[in-house]
Every structure is written in structure tokens, then in C-alpha cells.
There are 2 protein chains.
Amino acid sequence: MGRNKEFDTTVVLRKAMEVFGHYGYEGTSLQMLLDGLGIARQSLYDTYGTKKDLFISAVKHYTNEKSAAVVTRLDRPGSVKAAITDIFREIAAALKDEVRRKECFIMHSAIDQVPHVPEIAAFFEQDASRLEEAFYQALVRAYKQGELSDRHNDLRALARYLNHSRYSLTQAAKLTSDPKVLDDIVKVTLSALDS
Amino acid sequence: MGRNKEFDTTVVLRKAMEVFGHYGYEGTSLQMLLDGLGIARQSLYDTYGTKKDLFISAVKHYTNEKSAAVVTRLDRPGSVKAAITDIFREIAAALKDEVRRKECFIMHSAIDQVPHVPEIAAFFEQDASRLEEAFYQALVRAYKQGELSDRHNDLRALARYLNHSRYSLTQAAKLTSDPKVLDDIVKVTLSALDS
DNA sequence: TTTATTCTTGACTAAATGGTCTGAAAAAGA
DNA sequence: TCTTTTTCAGACCATTTAGTCAAGAATAAA
């Protein structure tokens, strides 16, 4: 009973990532949001709650999606180095794609709000520890499989570094439009795994 | 002739870095600025111009100061690896210091504004190329001095990576309060220079 | 003293802000 | 048909925004 929603809530959420990613949380006005999402003001409030609620939903949705993909790739049997290489190449590819890169920048806006929105701070703390653990377990497996040399004596540090590097690529993309710079950064980042 | 300024303009600029760094450019209201700087509204406009003018001044002042220190350290004769290690350890030290870290976060707010303030975009483009070149020249010297192995066959990429890593540390600091995480990231980052 | 500059305080404005409320049309199931 | 829900449009509101103007007091050089 009752009329159905006319818009796909996750599609609209994706548009919200783009708007928030481009203008930041505070830099995005309600009007920009309405224009960007293509829905009426009341629909926004009915569906997502306040501007802050929508922002939090968008951040969580984006992060969960990306993190899940990373964890899945890390857990797949086979070469761990190949998995990590895939993960970083995929990020670089997304950031080089004129369309796909837009939503990635919500990460930057989200990190902005970490000191001011406790829910976001808690969420990222949880996400970071989850990802760090996934990288760590993968590295342990890599070591057992003989993919790492004795040079890599601190797998915990390496896991933290990889997760940080993953996050930081969007910052690099915001500072340069040259795809070669991005490739160079990824290349050297991955060289931390070389023997 | 005429009354002298009662406040040190660069000291106040430093306070502006802290306020803008904590709340972001859009998240900072004029009232926050007045409270944080401890000067009257009219003094702000007389001395720095608009809010945006003040922001740009703060960003440039901070960046120039940091960049100059890095270039100076890189140009000093002796071990290049030691210089780079020093540079990163200094950043980590600043980010771990309860007081000093505050102004560092203006970097994050500045990067936020890159797509919206052409003057900031141009400034960072210039700063990045200057720093990249400084790192590159230092790496060439390192190679000549026998500090690098044949593994490091792309010094341009390495230079870009180092400059990016420098920038990205403030992002890492925003996401974690654990100083060990920061140390781990620096440690692995620097391992890119190992043979 | 005269003149020029800076200081502080406070009033003021025009615009934009996020958010609420109302009302009516549209659509879908009971 | 009746009920429920969604959608859109627009009015509305209290608050906040960045920025300006004015006026008087303080200070310092000419």
C-alpha cells in the first residue's frame, strides 16, 4: 500500500558522495544537495534525515563498499603481493577515471569531520582496525608462502603503512591532475614489499 | 607617525592556522576567528583583508616555512638519507606534539580548497614542483655518493613519492591518536630508500 | 600641538543558512 | 473506492553568515 519510492536510495547516496566530496561537508549547502541529488527537499528529509545524517550515511556506504572489496581481495588464495598490487592499481584506476574519481573525494571530507562528528570518528577507528588486521593477516600468509624476505621484520608496521597509503592516494589525486604522478606514487609505495 | 600595531601579525597568522586547521575554511566562522586570534573585527579586516585573504595568507605562510626548512635540510652536504630521515622524523615529532600539531592541520583545509580557490591551486602546484625538484636533486646526489642501490632506478618517482608522503602524514595524524602508528608509517615510508 | 594610524566596541545590513510546515497531486495496494 | 505513502512546490522561520560603517580613545611621529 502506498506509493513507491521513485528514486533508488543508493544511487542518490552515490550522488551525495560526489557533492560532499567536491564541496566538503560545510561547503555543501542544502540547495547544492537538492540540485545534485535531483530530489525534492522534503524527500531528502523523509528519506535520509538531516544534512548531517545524509553525510554520515554517504560516508559509511562508500567506506563499507571499498573496505569490503579490499578484504575480499586480500582473503582470496594465491599471491598476496598480487592481491595488494591489484588493490592499489584499482584505486589508481578509479582516481584516474573522470567519472569514478568524483565520489572518492568524500574520503577527504569525511576525514575533515573526524574531530567534530563522534560517529564518524568511531566509524573510521573501527574501519581502520578492520583493514589493518586484514592487511596484517594477509602479510602473515605472504610470509608463510615465502613472498616476503627477512627484510620485512615488522608486519604490523607494514600493515598500518599499507592501509594509510590506501587512504592517502585520494589526497594525492586532489593535488595533481597528472596520472603519471599517481602511478609513480603507487609504484614506489608497492616497492615496500620488494625483497 | 600613527599608532603602532599592537599584535605581531605573524603570531596572529599562526593562530589563524590553528583555527582554520581545526574547523576547515568553510567550518570557520568570523566569530571563531575573532575569538581565536584575539583581535577586533576591524583589525582583522584592516590587516588581512577578507576571510579568504586571511586563509590564503595563512596557508602560504605555513607552507613556505615548512618547504624552506625541507629544502635547506636537503641541500646541506652529507648523507642524503640522513637528511630525509631527519625531515620525516621532524614531521612526526611535530604531529605528536600536542601544541605544534594544531597548525599542521591547515594543510588539510588548504588541500580542501584547491578545487575552489585558483590562487591556492596555483600555489600548491608551484610548491609541489619545487619540493619534488629538491628531493630529486638530493636523490641524484645520494646516488652519486653511493647511498642508493641499483634497485632505485627511478629517482623521479621516488622524489614524487617522498613529497607526497610528506603531505600525507598530516592526514594520518588526523585519523589516529596513537603515536606508534605514525612511527610505523614513517619507518616503512623511509624503507623505500633501503637497498 | 597637529596629524596620521590603530585600537575597540557596537550597530547594521543583505544574503544565505538548515530545517519545518502545508497542501495537493500521484501512485500503489487493500 | 478507500487508504496509505511518496513526491513536489512553495511558503515560512529563526539564526547565522561575511562584511561595512561609525565614533571615540589611544598612541606615536612630525
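This structure is a prediction, so every number in the text was calculated from the model and none was measured. Below, chains carry the letters A, B, ... as their sequence lines are ordered, and counting in each starts from 1.
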Name the one of Leu33(B), Thr50(B), Ile120(B) that satisfies side chain to side chain contact (heavy atoms under 4.5 Å, CB included) with Phe55(B)?
Ile120(B)

Going 5' to 3' through nucleotides 14-21 of chain D, assign each nucleotide B (protein heavy atom under 4.0 Å from a base atom), S (under 4.0 Å only from sugar-phosphate atoms) or - (no protein heavy atom that close).
---SSBBB

My validator wants the stems of DNA chain C: runs of 3 or more consecutive Watson-Crick or G-U pairs, both distances under 3.5 Å, written as range with range.
C:1-30 with D:1-30

Is any NZ, NE, NH1 or NH2 atom of the basic residue among Arg14(A) and Glu65(A) found under 4.0 Å from an Asp or Glu carboxylate oxygen of the other?
yes

Roughly how far, to the nearest 0.5 Å, is the CD atom of Gln113(A) from the CD atom of Glu119(A)?
12.5 Å

Salt-bridge present (Glu90(B), Arg166(B); N to O < 4.0 Å)
no

Do His22(B) and Val19(B) have side chains that approach each other closer than 4.5 Å (heavy atoms only, starting at C-beta)?
no

Rounded to whole Å, CG of Leu37(A) lies from C1' of dT7(D) at a distance of 15 Å

So, do Ser165(B) and Phe88(B) sit near enough that their side-chain heavy atoms are less than 4.5 Å apart?
yes

Within a strict 4.5 Å, meaning less than it, do heavy atoms of the Arg73(B) and Ile84(B) side chains meet?
no

So, do Glu132(A) and Arg156(A) sit near enough that their side-chain heavy atoms are less than 4.5 Å apart?
yes

Among the clusters formed by ILVMFWY side chains lying less than 4.5 Å apart, do Leu95(A) and Ile106(A) turn up in the same one?
no

Would Lys96(A) and Asp183(A) pass as an ion pair if we require N to O under 4.0 Å?
yes

Please report, rounded to the nearest Å, how far the P atom of dA9(D) is from the CG atom of Asp35(A).
12 Å

Could you list all N or O pairs between the protein and nucleotides 24-27 of chain D that sit under 3.5 Å apart?
unit_1  : atom_1 : unit_2  : atom_2 : d
dA26(D) : N3     : Arg3(B) : NH1    : 3.4
dT27(D) : O2     : Arg3(B) : N      : 3.3

What are the residues of residues 109-123 of chain A, sorted by number, that bring a heavy atom to within less than 4.0 Å of DNA chain C?
none

Atom CG of Leu33(A) to atom P of dT17(C): distance rounded to whole Å?
12 Å

Rounding to an integer number of Å, can you tell me how far Asp46(A) CG sits from dT20(C) C1'?
11 Å

Once you round it to whole Å, what is the distance between C1' of dC7(C) and OH of Tyr48(B)?
14 Å

Taking atom P of dT8(C) as reference, at what distance in whole Å does atom CG of Leu44(B) sit?
11 Å

Categorize Ser43(B) for me: base, sugar-phosphate, or nothing, with a 4.0 angstrom heavy-atom threshold over every strand shown.
base

Atom CD1 of Ile39(A) and atom C1' of dG10(D): how far apart are they, to the nearest Å?
17 Å

Do His116(A) and Tyr25(A) have their ring centres less than 6.0 Å from each other?
no

Under the salt bridge (Lys or Arg N to Asp or Glu O under 4.0 Å) test, which residues partner Lys180(A), sequence neighbours left out?
none

For Arg101(A), what residues pass the salt bridge (Lys or Arg N to Asp or Glu O under 4.0 Å) criterion, not counting sequence neighbours?
none

